[in-house]
Amino acid sequence: MVKELGAPVIVCEDVHKWYGDFHALRGVNTTVREGEVVVILGPSGSGKSTWIRTLNRLEEHQRGRIIVHGTELNNDVRNIQEIRREVGMVFQQFNLFPHLTVLENITLAPIQVRKWSRDRAEEEGMKQLTRVKIPEQASKYPGQLSGGQQQRVAIARALAMQPKIMLFDEPTSALDPEMIKEVLDVMQDLANDGMTILAVTHEMGFARNVADRVIFFDEGNIVEENKPNTFFSNPREERSKLFLQQILHH
Amino acid sequence: MATTSPKINPPAKIPFWRDIRILAIIAQSIFMAAVLAGFAWLISNFLANAERQGLSIGFDFLRITAGFDIAEGIDYSATDTFGRALWVGTINTIRVSLLGIILTTITGILVGIARLSNNWLLGLIAGGYIEIIRNVPLLVVLYFIYFGIVLQLPSVDDSVQPFGLPIFLNQRGISFPGLTATIGFPIWLAFIVLATIFVMILWTIQSRQEEQTGKSINKGSTAIVSFLIIVAIGWFVTGSFVSDQGMMVATSRNITEFKDYQSIFLVKIDTDALAELGMSKALLNQLDSISEYKGVKEQLYAEINALETDGGDPTVLQEQLKILDSASLTVCGEKDSIGVINASSRLRRLGINVKVKDEKSMTKASANYAKGNCDLLAGTQSQLAAERSVFDAPDAHTVVPVSVTPMVVNTPAPAGFNIQGGGRISPEFAALLFGLVLYTSTFAAEIVRAGILSVSKGQSEAARALGLNEGQRLRLIVLPQAMRVIIPPMTSQYLNLTKNSSLAVAIAYPDLVSVGNTVLNNSGQAVQVIIIFMTTYLSISLLISAFLNWYNKKVALVER
Ligand SMILES: Nc1ncnc2c1ncn2[C@@H]1O[C@H](COP(=O)(O)OP(=O)(O)OP(=O)(O)O)[C@@H](O)[C@H]1O
Ligand SMILES: [Mg+2]
């Protein structure tokens with residue numbers, strides 16, 4: 001199963017980020033190619049979320065360059081909006097809009113941001129809901145759904161904007177075990193369809209079977225990047241070994 | 001399936017003393033009975049006491065003549081009844097409360113958002129304002145504003161006129177330009193309604209088009225422009241077709257239309273005196289239209305300036321200018337009547353100097369005109385026709401119709417010991433309104449801030465990640481959710497403001513309680529007056545809560 005990867009879609013050059021005095025990202029360098037599935041691992045507080053959130057400017061980086069889909073993330077609002085249109089994001093806590101129905105959650109951005117007609121947005125919304133296998137929930141409110149269903153709606157909401165890249169930040173961490181599979185299945189389908197994916201997750205099975213590359217973070221920087229198989233069986237770095245020992249002991 | 005489910009015995013009959021539904025009804029009934037018994041006891045007690053002391057217990061006193069004056073409010077005089085007096089007070093209470101609620105909402109939202117802003121200074125100012133004002137009793141705030149600020153304003157003679165605008169601040173209150181509706185106003189109003197309906201229909205059609213085609217149309221500006229066009233057409237159409245206004249002028253003046261009035265004005269320019277002062281023939285010949293009259297004046301100004309810089313002597317030219325400036329038309333009419341306001345302002349717009357001679361009544365104004373003290377007499381056409389018919393030589397005068405705009409601007413102006421015309425806010429009303437808004441806004445601001453903070457950060461992040469801009473994020477995601485947290489406590493603040501308006505009594509604004517106290521003292525009907533207080537405040541409060549509950553349901557029920 002050797003996958004042909006496309007052109008670079010995310011380029012990070014020496015990315016630094018400080019929270020006040022705290023140096024959260026310390027010179028991250030990496031390139032993600034089109035169609036690539038990257039899983040980000042690392043101990044708690046190592047900066048995984050921080051990094052993934054700088055990629056669509058939910059967090060601002062203070063030094064270095066981030067180029068997403070050919071557009072540089074800087075203080076230009078136009079660039080930021082352009083990148084956010086092309087990059088979908090799924091959060092640990094779902095963050096669905098509780099005052100809107102499932103379908104309204106999904107069609108909001110296509111109508112407001114892409115300026116699609118309601119008909120077109122709803123058609124696309126239903127298509128995405130079918131893709132995540134819950135078209136029958138369209139007219140419910142988020143509060144009426146199970147956690148797994150909510151997270152799938154959140155994925156459909158991001159997909160409806162037809163993004164080129166999807167970011168996942170621990171999408172299954174708030175879910176009960178039997179719901180985790182529903183979400184991982186959807187993510188795997190996405191990967192099979194050729195979507196570029198960056199996912200922070202503790203699901204080692206997903207990392208092993210779906211990812212093209214594992215990025216291991218520690219203390220605000222990338223410590224090791226490797227093929228999943230090599231990373232799990234024969235990690236290059238001491239810290240990676242330590243980390244794997246800790247999680248595999250459980 | 002039915003075969004596999006366990007067999008359930010038919011429900012046994014529950015004895016009523018264990019039936020939760022019946023127990024609830026019994027509890028309710030006992031409580032209700034206790035409350036009713038309490039009320040019955042209170043009322044019978046009161047009736048017995050009242051009878052023993054020979055007090056009347058009806059509301060007939062409301063029809064007795066009040067015999068006292070009320071400083072401001074709707075039409076009222078001392079010969080009206082107690083009932084009318086209380087009604088005036090009620091309207092005054094509603095007026096200050098309603099305006100207070102609107103201003104408090106606006107200020108509260110702005111200050112609440114300001115306190116959350118990233119701007120350090122703005123946040124500090126908003127925070128300081130909230131902490132200082134809300135920790136001072138409202139009565140003290142009112143006293144401070146009334147005695148410390150409003151009553152410290154200068155006397156009428158020394159009225160403050162900010163930026164030279166036609167606004168006058170003094171101890172008697174604030175006078176400002178007002179709008180007076182004319183006979184054309186209702187028709188214009190109809191145009192406004194028409195325009196609103198039209199815009200709403202247009203909006204719906206365009207929204208539908210937008211959704212179908214997916215192309216966004218600039219609905220906002222289309223709506224505004226078409227609204228303005230219809231309203232403007234209404235303004236002019238109404239102005240020229242319906243007018244009861246006219247001006248009387250000597251027939252010899254050959255006036256048939258309003259714009260002819262400039263010819264009378266031009267005649268009043270003393271060209272002989274100008275020629276004597278050496279004004280050139282060419283310039284004198286120019287004084288045959290208003291625009292050229294203005295041109296000549298400008299030319300004189302320029303020449304005077306030039307002479308002054310060159311060190312020459314501009315005296316003669318200044319004399320000429322004085323003569324030009326002194327030419328004016330005198331309009332007579334009833335004081336503050338639409339006729340006078342309209343005629344003088346329209347003539348001024350033509351570029352004509354106007355002097356107004358106000359009289360208390362039309363008859364007096366007419367007499368003044370008959371004596372030849374004025375060039376024109378302004379009034380309604382029927383008034384003028386009636387006056388003309390009693391002149392010695394009616395045919396020597398004609399009445400020329402004057403078109404009016406649906407509303408005319410009524411500018412205040414100093415006159416004797418007072419400021420006349422325009423709208424006026426009394427010092428008491430200003431102080432009470434300002435105090436209530438200042439005080440209640442601090443609570444409203446905190447409620448708004450809490451509402452916005454109650455929406456989790458994740459909501460904003462999701463909105464941003466989807467590419468919504470900051471305005472869309474606030475409008476579509478944050479505010480709708482904040483609203484549900486804001487409205488219930490905001491309702492209590494609105495009710496507080498309304499009830500607190502009764503502190504008006506402290507600064508002598510004639511609100512319901514203030515007037516009611518006087519009624520109570522003059523009539524001796526304490527209990528009835530207090531019942532009226534309670535029912536009135538209760539009704540106002542219930543109305544406010546009912547409205548906000550309805551609104552709250554509208555925004556709250558969507559969740560589940
Ligand atoms: N808003 C913030 N202000 C200050 N420090 C922060 C902020 N957000 C994160 N940090 C710090 O930055 C570091 C990296 O945080 P981050 O959330 O990226 O870690 P993470 O790798 O995602 O951890 P986890 O697996 O627990 O989610 C942590 O030490 C955290 O305390
Ligand atoms: Mg994290």
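Computed from a predicted model, the values in this text were never measured in an experiment. So you know, we letter chains A, B, ... as the sequences are listed, proteins then strands, and number each from 1.
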ask   = Counting only heavy atoms not in Phe198(B), do more than 12 sit closer than 6.0 Å to its CZ atom?
value = no
request  = Look only at the side chain of Gln112(A) and the backbone of Gly467(B), and say whether a donor-acceptor pair between them is shorter than 3.5 Å.
outcome  = no
Pairwise distance CD(Gln472(B)) to CG(Leu108(A)) - rounded to 0.5 angstrom = 8.0 Å
request  = Heavy atoms only: give me the nearest Ile477(B)-His99(A) pair and the separation to one decimal.
outcome  = O-CE1, 3.9 Å
key: Min side-chain heavy-atom separation Leu466(B)-Arg84(A) under 4.5 Å   = no
Neighbour count above 12 (heavy atom, 6.0 Å) for Arg208(B) CZ = no
Interface moiety of Val87(A) toward chain B, non-hydrogen atoms closer than 4.5 Å = backbone
ask   = Is it the side chain or the backbone of Arg53(A) that comes within 4.5 Å of chain B heavy atoms, both, or neither?
value = side chain
message = Restricting to non-hydrogen atoms, name the atom on Gln459(B) and the atom on Leu96(A) that form the minimum distance, rounded to 0.1 Å.
response = NE2-O, 2.8 Å
Segment of Gln93(A) engaging chain B (4.5 angstrom heavy-atom cut-off) = neither
query = Near Ile20(B) CD1, under 6.0 Å, is it more than 12 heavy atoms from other residues, nucleotides or ligands?
reply = no
query = Is the side chain of Asn56(A) donor-acceptor paired with the backbone N or O of Ala465(B) at a distance under 3.5 Å, no angle test?
reply = no
message = Atom CD of residue position Glu123(A) - does it have more than 12 heavy atoms of other residues, nucleotides or ligands inside 6.0 Å?
response = no
key: chain B contact via Phe97(A) - side chain, backbone, both or neither, heavy atoms under 4.5 Å   = both
task = Take atom CD of Gln28(B) as the centre, draw a 6.0 Å sphere, and report whether it contains more than 12 heavy atoms from other residues, nucleotides or ligands.
result = no
message = Can you tell me which portion of Glu461(B) sits under 4.5 Å from chain A's heavy atoms? Options are side chain, backbone, both or neither.
response = both
request  = Take atom CZ of Phe31(B) as the centre, draw a 6.0 Å sphere, and report whether it contains more than 12 heavy atoms from other residues, nucleotides or ligands.
outcome  = no
task = With a 4.5 angstrom heavy-atom cut-off, could you sort out which part of Arg120(A) is near chain B: side chain, backbone, both or neither?
result = neither
Interatomic distance, Lys457(B) atom NZ to Asn95(A) atom CG [nearest 0.5 angstrom] = 11.0 Å
ask   = Rounded to the nearest 0.5 Å, how far apart are CG of Leu100(A) and CG of Leu476(B)?
value = 8.0 Å
